[in-house]
Amino acid sequence: MQLTEIDAAAVREIYERPFPELAFAAIAAHRAAFDPLAIQRSTLLSIKTGGCSEDCGYCAQSARRETHVRPEPLAPIDEVVAAARAAKAEGATRFCMGAAWRGVKDGPAFERVLEMVREVSALGMESCVTLGALQPHQARALREAGLQYYNHNLDTSRDYYPQVVSTHDYDDRLETLEVARAAGLKLCCGGIIGMGESRDDRIALIAELAAMERPPESVPVNVLVPIEGTPLAERATFDPIELARTVATLRIVLPSSYIRLAAGRSAMSAELQALCFLLGANSVFAGDRLLTTENAPLDSDAALFAALGVRAEPASARH
Ligand code: SAM
Ligand code: DTB
Ligand code: SF4
(Lines give C-alpha, C1' and ligand atoms only; values in the text may rest on other atoms or scores of the structure.)
(Ligands and ions follow the chains in the order given, each with its own letter.)
Protein backbone atom coordinates (compact mmCIF):
# COMPACT_ATOMS: atom_id res chain seq x y z
CA MET A 1 0.00 0.00 0.00
CA GLN A 2 1.45 3.38 -0.93
CA LEU A 3 -0.41 6.15 0.81
CA THR A 4 0.07 9.60 -0.57
CA GLU A 5 -2.44 11.41 1.58
CA ILE A 6 -3.31 10.26 4.99
CA ASP A 7 -4.95 12.12 7.80
CA ALA A 8 -5.19 11.53 11.52
CA ALA A 9 -8.58 9.80 11.19
CA ALA A 10 -7.14 7.23 8.79
CA VAL A 11 -4.16 6.65 11.08
CA ARG A 12 -6.44 6.27 14.09
CA GLU A 13 -8.51 3.64 12.30
CA ILE A 14 -5.31 1.59 11.91
CA TYR A 15 -3.76 2.37 15.32
CA GLU A 16 -6.89 1.40 17.27
CA ARG A 17 -7.68 -1.86 15.49
CA PRO A 18 -7.96 -4.91 17.72
CA PHE A 19 -4.34 -5.92 18.29
CA PRO A 20 -4.46 -9.21 16.34
CA GLU A 21 -5.83 -7.35 13.26
CA LEU A 22 -3.26 -4.57 13.57
CA ALA A 23 -0.43 -7.09 13.99
CA PHE A 24 -1.54 -9.20 11.01
CA ALA A 25 -1.62 -6.17 8.70
CA ALA A 26 1.76 -4.89 9.95
CA ILE A 27 3.45 -8.27 9.51
CA ALA A 28 2.04 -8.56 5.97
CA ALA A 29 3.21 -5.04 5.07
CA HIS A 30 6.67 -5.78 6.46
CA ARG A 31 7.06 -8.99 4.46
CA ALA A 32 5.84 -7.36 1.26
CA ALA A 33 8.58 -4.72 1.36
CA PHE A 34 11.48 -6.18 3.37
CA ASP A 35 13.31 -9.32 4.31
CA PRO A 36 11.80 -9.90 7.78
CA LEU A 37 15.02 -11.58 8.98
CA ALA A 38 17.26 -8.54 8.35
CA ILE A 39 17.79 -5.75 10.90
CA GLN A 40 19.76 -2.68 9.83
CA ARG A 41 22.27 -1.41 12.42
CA SER A 42 23.40 2.21 12.87
CA THR A 43 25.98 3.43 15.36
CA LEU A 44 25.73 6.80 17.07
CA LEU A 45 28.47 9.15 18.19
CA SER A 46 28.09 12.47 19.94
CA ILE A 47 30.58 14.72 18.15
CA LYS A 48 29.66 17.85 20.13
CA THR A 49 28.17 17.23 23.55
CA GLY A 50 26.13 19.53 25.79
CA GLY A 51 25.94 23.30 26.13
CA CYS A 52 22.96 23.57 23.74
CA SER A 53 21.01 26.83 23.65
CA GLU A 54 17.66 25.01 23.25
CA ASP A 55 15.35 23.88 26.06
CA CYS A 56 14.00 20.55 24.77
CA GLY A 57 12.44 19.09 27.91
CA TYR A 58 13.69 15.52 27.38
CA CYS A 59 17.29 16.36 26.54
CA ALA A 60 20.40 15.91 28.69
CA GLN A 61 22.31 18.44 26.58
CA SER A 62 20.43 21.70 27.13
CA ALA A 63 22.64 24.35 28.75
CA ARG A 64 19.56 25.40 30.73
CA ARG A 65 19.47 22.21 32.79
CA GLU A 66 21.67 20.62 35.43
CA THR A 67 22.17 17.04 34.17
CA HIS A 68 24.94 14.41 34.11
CA VAL A 69 26.36 16.01 30.95
CA ARG A 70 29.50 18.18 31.00
CA PRO A 71 29.85 20.22 27.79
CA GLU A 72 32.63 19.17 25.44
CA PRO A 73 34.01 20.90 22.34
CA LEU A 74 33.63 19.49 18.83
CA ALA A 75 35.49 16.16 18.60
CA PRO A 76 38.72 15.89 16.60
CA ILE A 77 38.40 14.22 13.19
CA ASP A 78 40.70 11.30 13.99
CA GLU A 79 38.61 10.29 17.03
CA VAL A 80 35.47 10.27 14.91
CA VAL A 81 37.10 8.23 12.16
CA ALA A 82 38.41 5.72 14.73
CA ALA A 83 34.88 5.34 16.15
CA ALA A 84 33.45 4.87 12.66
CA ARG A 85 36.03 2.18 11.85
CA ALA A 86 35.19 0.37 15.09
CA ALA A 87 31.47 0.58 14.31
CA LYS A 88 32.07 -0.84 10.84
CA ALA A 89 34.14 -3.70 12.30
CA GLU A 90 31.21 -4.49 14.60
CA GLY A 91 28.86 -4.73 11.63
CA ALA A 92 27.14 -1.32 11.64
CA THR A 93 26.33 -0.07 8.14
CA ARG A 94 25.50 3.53 9.05
CA PHE A 95 27.41 5.97 11.23
CA CYS A 96 25.37 8.79 12.79
CA MET A 97 27.06 11.87 14.21
CA GLY A 98 25.11 14.13 16.56
CA ALA A 99 25.84 17.70 17.64
CA ALA A 100 24.08 19.55 20.45
CA TRP A 101 23.47 22.63 18.33
CA ARG A 102 20.35 24.66 17.70
CA GLY A 103 21.56 24.72 14.13
CA VAL A 104 24.61 24.88 11.90
CA LYS A 105 26.78 28.01 11.80
CA ASP A 106 29.17 28.52 8.92
CA GLY A 107 32.83 28.43 9.93
CA PRO A 108 35.60 26.08 11.05
CA ALA A 109 33.33 23.81 13.11
CA PHE A 110 31.06 23.14 10.13
CA GLU A 111 34.12 22.64 7.89
CA ARG A 112 35.31 20.00 10.35
CA VAL A 113 31.93 18.25 10.25
CA LEU A 114 32.13 18.22 6.43
CA GLU A 115 35.53 16.56 6.70
CA MET A 116 34.11 13.96 9.11
CA VAL A 117 31.38 13.19 6.58
CA ARG A 118 33.96 12.78 3.78
CA GLU A 119 36.08 10.44 5.91
CA VAL A 120 33.14 8.29 7.04
CA SER A 121 31.88 8.03 3.45
CA ALA A 122 35.39 6.99 2.36
CA LEU A 123 35.13 4.02 4.76
CA GLY A 124 32.20 2.77 2.69
CA MET A 125 29.65 3.42 5.43
CA GLU A 126 26.40 5.32 5.08
CA SER A 127 26.71 8.61 6.89
CA CYS A 128 24.08 10.50 8.86
CA VAL A 129 24.37 13.72 10.83
CA THR A 130 22.01 15.52 13.17
CA LEU A 131 23.06 19.13 13.66
CA GLY A 132 19.80 21.01 14.25
CA ALA A 133 18.46 23.63 11.83
CA LEU A 134 20.03 23.83 8.36
CA GLN A 135 20.19 26.48 5.67
CA PRO A 136 20.04 25.47 2.01
CA HIS A 137 23.74 26.13 1.23
CA GLN A 138 24.74 24.06 4.29
CA ALA A 139 22.53 21.16 3.24
CA ARG A 140 24.09 21.27 -0.24
CA ALA A 141 27.60 21.30 1.25
CA LEU A 142 26.76 18.24 3.34
CA ARG A 143 25.38 16.44 0.30
CA GLU A 144 28.49 17.32 -1.73
CA ALA A 145 30.67 15.95 1.08
CA GLY A 146 28.90 12.60 0.55
CA LEU A 147 26.27 12.74 3.30
CA GLN A 148 23.35 10.39 2.75
CA TYR A 149 20.97 10.98 5.68
CA TYR A 150 19.97 13.97 7.73
CA ASN A 151 18.33 13.20 11.08
CA HIS A 152 15.87 15.79 12.33
CA ASN A 153 12.99 14.54 14.44
CA LEU A 154 9.54 16.04 14.74
CA ASP A 155 9.49 14.30 18.12
CA THR A 156 5.75 14.60 18.83
CA SER A 157 2.52 16.20 17.59
CA ARG A 158 2.26 19.85 16.63
CA ASP A 159 -0.11 20.34 19.59
CA TYR A 160 2.17 18.82 22.22
CA TYR A 161 5.40 20.35 20.86
CA PRO A 162 5.10 23.65 22.81
CA GLN A 163 5.03 21.63 26.03
CA VAL A 164 8.27 19.95 25.01
CA VAL A 165 10.31 22.93 23.78
CA SER A 166 9.84 26.70 23.75
CA THR A 167 12.97 27.90 21.91
CA HIS A 168 11.94 26.74 18.43
CA ASP A 169 8.69 25.55 16.90
CA TYR A 170 7.21 22.78 14.78
CA ASP A 171 7.39 24.80 11.58
CA ASP A 172 11.13 25.36 12.15
CA ARG A 173 11.54 21.59 12.24
CA LEU A 174 9.46 21.08 9.07
CA GLU A 175 11.41 23.78 7.28
CA THR A 176 14.76 22.09 7.96
CA LEU A 177 13.34 18.80 6.73
CA GLU A 178 12.37 20.50 3.48
CA VAL A 179 15.80 22.12 3.16
CA ALA A 180 17.52 18.74 3.62
CA ARG A 181 15.20 17.09 1.11
CA ALA A 182 15.74 19.84 -1.47
CA ALA A 183 19.50 19.24 -1.28
CA GLY A 184 18.99 15.58 -2.17
CA LEU A 185 19.49 14.14 1.32
CA LYS A 186 17.53 11.17 2.62
CA LEU A 187 15.55 11.90 5.76
CA CYS A 188 15.72 10.23 9.12
CA CYS A 189 12.78 11.64 11.06
CA GLY A 190 10.72 10.26 13.89
CA GLY A 191 9.91 10.96 17.48
CA ILE A 192 9.86 10.09 21.14
CA ILE A 193 7.14 8.23 22.95
CA GLY A 194 6.61 8.05 26.70
CA MET A 195 7.09 11.74 27.49
CA GLY A 196 3.57 12.37 28.77
CA GLU A 197 1.97 12.75 25.34
CA SER A 198 -1.47 11.29 24.63
CA ARG A 199 -2.41 8.63 22.11
CA ASP A 200 -3.82 11.47 19.97
CA ASP A 201 -0.34 13.03 19.92
CA ARG A 202 1.26 9.78 18.80
CA ILE A 203 -1.38 9.39 16.08
CA ALA A 204 -0.88 13.00 14.94
CA LEU A 205 2.89 12.48 14.67
CA ILE A 206 2.43 9.34 12.58
CA ALA A 207 -0.04 11.20 10.33
CA GLU A 208 2.42 14.09 9.96
CA LEU A 209 5.16 11.71 8.79
CA ALA A 210 2.85 9.80 6.45
CA ALA A 211 1.49 12.99 4.88
CA MET A 212 4.91 14.24 3.77
CA GLU A 213 5.27 14.49 0.04
CA ARG A 214 8.24 12.12 0.30
CA PRO A 215 8.10 10.44 3.71
CA PRO A 216 11.35 9.82 5.59
CA GLU A 217 13.35 6.77 4.50
CA SER A 218 14.23 6.15 8.13
CA VAL A 219 11.92 6.63 11.14
CA PRO A 220 13.46 6.41 14.61
CA VAL A 221 11.02 5.54 17.39
CA ASN A 222 12.70 6.67 20.59
CA VAL A 223 11.29 5.72 23.97
CA LEU A 224 12.08 8.51 26.41
CA VAL A 225 15.28 7.88 28.33
CA PRO A 226 14.41 9.77 31.52
CA ILE A 227 17.27 12.15 32.34
CA GLU A 228 17.55 13.43 35.88
CA GLY A 229 17.36 17.22 35.89
CA THR A 230 15.03 17.46 32.87
CA PRO A 231 11.34 18.38 33.23
CA LEU A 232 9.98 15.55 31.08
CA ALA A 233 11.71 12.86 33.12
CA GLU A 234 9.03 13.52 35.74
CA ARG A 235 6.26 12.94 33.20
CA ALA A 236 7.74 9.71 31.84
CA THR A 237 4.95 7.24 31.18
CA PHE A 238 5.90 4.24 29.17
CA ASP A 239 3.27 1.80 27.90
CA PRO A 240 4.71 -1.13 25.90
CA ILE A 241 1.46 -1.83 24.06
CA GLU A 242 1.35 1.78 22.84
CA LEU A 243 4.92 1.31 21.58
CA ALA A 244 3.86 -1.84 19.73
CA ARG A 245 0.84 -0.04 18.23
CA THR A 246 3.06 2.86 17.17
CA VAL A 247 5.56 0.56 15.43
CA ALA A 248 2.84 -1.48 13.71
CA THR A 249 0.96 1.60 12.48
CA LEU A 250 4.15 3.17 11.15
CA ARG A 251 4.94 -0.07 9.31
CA ILE A 252 1.50 -0.03 7.64
CA VAL A 253 1.44 3.66 6.65
CA LEU A 254 5.14 3.87 5.68
CA PRO A 255 5.64 0.45 4.11
CA SER A 256 9.01 1.11 2.54
CA SER A 257 10.66 3.10 5.34
CA TYR A 258 13.07 1.61 7.83
CA ILE A 259 11.49 1.80 11.30
CA ARG A 260 14.15 2.03 13.99
CA LEU A 261 13.72 0.90 17.56
CA ALA A 262 15.96 3.76 18.71
CA ALA A 263 16.60 5.12 22.23
CA GLY A 264 15.20 3.24 25.21
CA ARG A 265 16.04 -0.34 24.24
CA SER A 266 18.23 -0.92 27.28
CA ALA A 267 15.08 -0.65 29.43
CA MET A 268 13.06 -3.01 27.18
CA SER A 269 12.67 -6.74 27.66
CA ALA A 270 13.78 -9.17 24.97
CA GLU A 271 10.09 -10.05 24.46
CA LEU A 272 9.10 -6.44 23.78
CA GLN A 273 11.93 -5.96 21.29
CA ALA A 274 10.99 -9.26 19.62
CA LEU A 275 7.38 -8.07 19.33
CA CYS A 276 8.52 -4.79 17.74
CA PHE A 277 10.73 -6.62 15.21
CA LEU A 278 7.80 -8.90 14.38
CA LEU A 279 5.54 -5.88 13.81
CA GLY A 280 7.99 -4.28 11.40
CA ALA A 281 10.78 -2.52 13.27
CA ASN A 282 13.85 -3.35 11.18
CA SER A 283 16.63 -1.12 12.43
CA VAL A 284 18.37 -0.44 15.75
CA PHE A 285 21.14 1.67 17.21
CA ALA A 286 24.04 -0.69 17.77
CA GLY A 287 26.86 0.07 20.18
CA ASP A 288 27.24 0.51 23.89
CA ARG A 289 26.31 4.21 23.89
CA LEU A 290 23.67 6.47 22.40
CA LEU A 291 24.64 10.17 22.72
CA THR A 292 24.97 10.74 26.46
CA THR A 293 23.40 7.54 27.81
CA GLU A 294 23.96 3.81 27.63
CA ASN A 295 22.50 1.70 24.86
CA ALA A 296 21.59 -1.99 24.89
CA PRO A 297 25.06 -3.62 24.97
CA LEU A 298 26.45 -5.24 21.82
CA ASP A 299 26.73 -8.68 23.42
CA SER A 300 23.09 -8.70 24.55
CA ASP A 301 22.05 -7.64 21.03
CA ALA A 302 24.06 -10.51 19.57
CA ALA A 303 22.35 -12.92 21.97
CA LEU A 304 18.92 -11.50 21.15
CA PHE A 305 19.49 -11.70 17.38
CA ALA A 306 20.71 -15.30 17.73
CA ALA A 307 17.74 -16.28 19.89
CA LEU A 308 15.32 -14.79 17.35
CA GLY A 309 17.16 -16.13 14.28
CA VAL A 310 17.43 -12.63 12.77
CA ARG A 311 20.60 -11.12 11.38
CA ALA A 312 22.29 -7.81 10.79
CA GLU A 313 21.50 -6.45 7.32
CA PRO A 314 24.63 -6.26 5.18
CA ALA A 315 25.80 -2.90 3.81
CA SER A 316 23.90 -1.56 0.77
CA ALA A 317 21.25 -4.25 0.91
CA ARG A 318 18.66 -1.82 -0.45
CA HIS A 319 20.08 1.63 -0.93
N1 SAM B 1 20.38 19.14 18.30
C2 SAM B 1 19.89 18.37 17.24
C3 SAM B 1 18.39 18.28 17.22
O4 SAM B 1 17.75 18.62 18.19
O5 SAM B 1 17.86 17.88 16.18
C6 SAM B 1 20.44 16.94 17.21
C7 SAM B 1 20.60 16.16 18.49
S8 SAM B 1 19.10 15.71 19.37
C9 SAM B 1 19.83 15.00 20.83
C10 SAM B 1 18.44 14.35 18.41
C11 SAM B 1 17.22 13.61 18.89
O12 SAM B 1 17.56 12.73 19.95
C13 SAM B 1 16.06 14.40 19.45
O14 SAM B 1 15.28 14.99 18.45
C15 SAM B 1 15.28 13.30 20.18
O16 SAM B 1 14.38 12.65 19.31
C17 SAM B 1 16.37 12.32 20.59
N18 SAM B 1 16.58 12.35 22.05
C19 SAM B 1 17.33 13.23 22.73
N20 SAM B 1 17.29 12.98 24.06
C21 SAM B 1 16.48 11.91 24.22
C22 SAM B 1 16.03 11.18 25.37
N23 SAM B 1 16.39 11.52 26.61
N24 SAM B 1 15.21 10.11 25.18
C25 SAM B 1 14.84 9.77 23.92
N26 SAM B 1 15.22 10.44 22.80
C27 SAM B 1 16.03 11.49 22.95
C1 DTB C 1 17.38 9.63 17.29
O2 DTB C 1 16.21 9.60 16.86
N3 DTB C 1 17.75 9.17 18.48
C4 DTB C 1 19.16 9.37 18.68
C5 DTB C 1 19.62 10.01 17.34
N6 DTB C 1 18.40 10.14 16.61
C7 DTB C 1 20.42 11.25 17.35
C8 DTB C 1 19.51 10.07 19.94
C9 DTB C 1 19.03 9.35 21.20
C10 DTB C 1 19.52 10.07 22.42
C11 DTB C 1 19.16 9.37 23.68
C12 DTB C 1 19.57 10.10 24.90
C13 DTB C 1 21.03 10.38 25.04
O14 DTB C 1 21.88 9.46 24.85
O15 DTB C 1 21.37 11.50 25.43
FE1 SF4 D 1 19.73 20.91 21.81
FE2 SF4 D 1 18.95 18.97 20.15
FE3 SF4 D 1 19.01 18.56 22.84
FE4 SF4 D 1 17.17 20.18 21.79
S5 SF4 D 1 17.39 17.95 21.40
S6 SF4 D 1 18.44 20.63 23.61
S7 SF4 D 1 18.28 21.12 20.09
S8 SF4 D 1 20.74 18.94 21.51
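Below, each value reflects all heavy atoms present in this structure, side chains not excepted, and no hydrogens, waters or symmetry copies. Each ligand, and each atom within it, is numbered from 1 in the order the structure gives. For reference, positions follow the sequence shown, starting with 1.
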Considering only the protein, which heavy-atom contact is closest to [atom], and what is its distance?
atom: atom 4 (Fe) of ligand 3; result: C56 SG, 2.3 Å
atom: atom 27 (C) of ligand 1; result: I192 CD1, 3.8 Å
atom: atom 3 (Fe) of ligand 3; result: C59 SG, 2.4 Å
atom: atom 8 (S) of ligand 3; result: A100 CA, 3.6 Å
atom: atom 6 (C) of ligand 1; result: T130 OG1, 3.1 Å
atom: atom 5 (S) of ligand 3; result: Y58 OH, 3.3 Å
atom: atom 12 (O) of ligand 1; result: N153 ND2, 4.5 Å
atom: atom 13 (C) of ligand 1; result: Y58 OH, 3.6 Å
atom: atom 1 (Fe) of ligand 3; result: C52 SG, 2.3 Å

Answer side chain, backbone, both or neither: which part of [X] comes under 4.0 Å from ligand 1, heavy atoms only.
X: L291; answer: side chain
X: R173; answer: side chain
X: A99; answer: backbone
X: N222; answer: side chain

* To do: Only heavy atoms count here, so choose which of N151, L44, I227 is nearest to atom 10 (C) of ligand 1.
  =>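 Looking at heavy atoms only, the winner is N151.
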* **From E126, Q40, E313, R41, residue fulfilling side chain to side chain donor-acceptor pair (under 3.5 Å) relative to T93** =>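 That would be Q40; it is the only one of E126, Q40, E313, R41 passing the side chain to side chain donor-acceptor pair (under 3.5 Å) with T93.
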* Which pair of heavy atoms, one from T292 and one from A60, lies closest together, and at what distance? ->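 What the structure gives for the nearest pair is OG1-CB, 3.5 Å.
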* Asked: Looking at A38 and N282, what are the two nearest heavy atoms and their distance?
  ->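 In this case the closest contact between A38 and N282 is O-CB, 3.9 Å.
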Short N-O contact, [X] and [Y], less than 4.0 angstrom:
X: E16; Y: R202; value: no
X: R12; Y: D200; value: yes
X: D35; Y: R311; value: yes

* Pick one: which of K186, R260, R181 meets salt bridge (charged side-chain N to carboxylate O under 4.0 Å, His left out) with E217? -> R181
* To do: Could you please spell out the steps behind the side chain to side chain contact (heavy atoms under 4.5 Å, CB included) verdict for Q138 and Q135?
  => CA-CA 5 Å; Q138 297 164 337; Q135 294 169 41; 3.5 Å; yes
* **Within the protein, residues bringing a heavy atom under 4.0 Å of ligand 2, chain by chain** => L44, T130, N151, N153, P220, N222, A263, F285, L290, L291, T292, T293
Looking only at heavy atoms of [X], does any of them come nearer than 4.0 Å to an atom of ligand 1?
X: A60; value: no
X: L290; value: no
X: G132; value: yes

* Any idea how Y258 and F34 line up, ring-wise: parallel (<30°), tilted (30 to 60°), or perpendicular (>60°)? ->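 Perpendicular: the ring planes of Y258 and F34 meet at over 60°.
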* Asked: Does one hydrophobic cluster hold both L131 and M125, with members joined at side-chain heavy-atom distances below 4.5 Å?
  ->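 They do share one cluster, since a chain of ILVMFWY contacts under 4.5 Å joins L131 to M125.
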* Asked: Would you say ligand 1 has an N or O under 3.5 Å from any N or O of V225?
  -> yes
* Consider every N or O of D155 and every N or O of ligand 1, then say whether any pair is closer than 3.5 Å. => yes
Near [X], which atoms of ligand 1 are under 4.0 Å from a heavy atom of that residue?
X: W101; value: 1 (N), 2 (C)
X: L224; value: 24 (N), 25 (C)
X: V223; value: 25 (C)

* To do: Drop me the distance from L142's CG to Y149's OH, to the nearest 0.5 angstrom.
  =>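 Answer for the CG-OH pair, L142 versus Y149, is 15.5 Å.
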* To do: Taking R289 for its side chain and L44 for its backbone only, find out whether a donor-acceptor pair lies under 3.5 Å.
  =>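 A pair under 3.5 Å: no.
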* Taking F95 as the fixed residue, which of V120, L123, V129 is the one that meets the side chain to side chain contact (heavy atoms under 4.5 Å, CB included) rule? ->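 Going through the options one by one, the only one that passes is V120.
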* Could you give me the CA-CA distance, side-chain angles and deciding distance for M268 and L243, then say whether side chain to side chain contact (heavy atoms under 4.5 Å, CB included) is met? => CA-CA 11 Å; M268 284 176 208; L243 171 66; 3.8 Å; yes
* **F19 six-ring face occupied by R245 cation (under 6.0 Å, within 45°)** => no
* Is any heavy atom of the protein nearer than 4.0 Å to atom 8 (S) of ligand 1? ->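 Under the 4.0 Å cut-off, atom 8 (S) of ligand 1 has no protein heavy-atom neighbours at all.
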